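Side chains included, hydrogens not; waters and symmetry mates left out as well; all remaining heavy atoms used. Only a predicted model underlies this, so the values are computations on that prediction, with no experimental measurement involved.
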Amino acid sequence: MPSEQDYGPPTFVLAASFEATAAELVAWDESPVAAGAPHAVSSRWRSRPPADVLAICYFDGPPSTKQGGPPGAGSTPRPLSTAGRWVVVVGPEGSETLIKIGDQADVVITRRVP
């Protein structure tokens with residue numbers, strides 16, 4: 001997570017949230033979004049009871065990185081992000097699991113876990 005040294009005090013805004021059961025998270029996690037796309041073989045959510053209700057929260061806030069792009073000769077730096085989106089799963093006991101970080105333009109708010 002970015003620190004205050006990187007960007008000043010971080011400000012996050014809850015952009016969206018929805019509930020899903022652990023069983024739904026397993027199904028989403030283990031199903032590719034397109035043929036041949038990467039996906040989990042065994043979801044981390046299998047350790048939870050299938051009926052556990054979890055909150056999927058999308059937070060808009062600071063950029064996901066202070067780097068402009070991949071290092072290396074011949075690489076084309078990507079412009080520095082100014083609008084980050086953070087996706088966090090919150091368990092019924094209050095546990096938090098960060099599952100995705102990216103630009104708001106790339107991390108689209110959807111009912112399906114990104």
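Minimum heavy-atom separation, T97 to R44: CG2-NH1, 3.3 Å. Heavy-atom minimum distance, A22 versus P49: CB-O, 3.3 Å. Listed here is the closest heavy atom pair of G61 and F12: CA-CD2, 4.0 Å.
In this structure, the side-chain contact (heavy atoms from CB on, under 4.5 Å) partners of E93, at least two apart in sequence or on a different chain, are R48, S95. Checked against side-chain contact (heavy atoms from CB on, under 4.5 Å), L98 has the following partners two or more places apart in sequence or in another chain: W86, V88, I101. Every residue two or more places apart in sequence or in another chain was checked for a salt bridge (Lys or Arg N to Asp or Glu O under 4.0 Å) with D29, and none qualifies.
Here the CH2-CD1 distance, from W28 to I56, works out to 6.0 Å after rounding to the nearest 0.5 Å.
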For a side chain to side chain contact (heavy atoms under 4.5 Å, CB included) check, start with the C-alpha distance between D52 and L25, then their side-chain angles and the critical distance, and finish with the verdict. CA-CA 10 Å; D52 262 9; L25 285 171; over 6 Å; no

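L54 is listed as a side-chain neighbour of P92, based on a closest heavy-atom distance under 4.5 Å.
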What pairs of donor and acceptor atoms, side-chain ones from residues 30-37 against any protein atom, are under 3.5 angstrom apart with sequence neighbours left out?
{"from": "E30", "atom 1": "OE1", "to": "R46", "atom 2": "NH2", "distance (Å)": "2.9"}
{"from": "E30", "atom 1": "OE2", "to": "S43", "atom 2": "N", "distance (Å)": "2.8"}
{"from": "E30", "atom 1": "OE2", "to": "R46", "atom 2": "NE", "distance (Å)": "2.8"}
{"from": "S31", "atom 1": "OG", "to": "A27", "atom 2": "O", "distance (Å)": "2.7"}

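If you chain together hydrophobic residues whose side chains sit under 4.5 Å apart, I99 and V107 fall into the same group.
Using the six-membered ring where Trp is involved, Y58 and F18 have ring planes that are tilted, between 30° and 60° apart.
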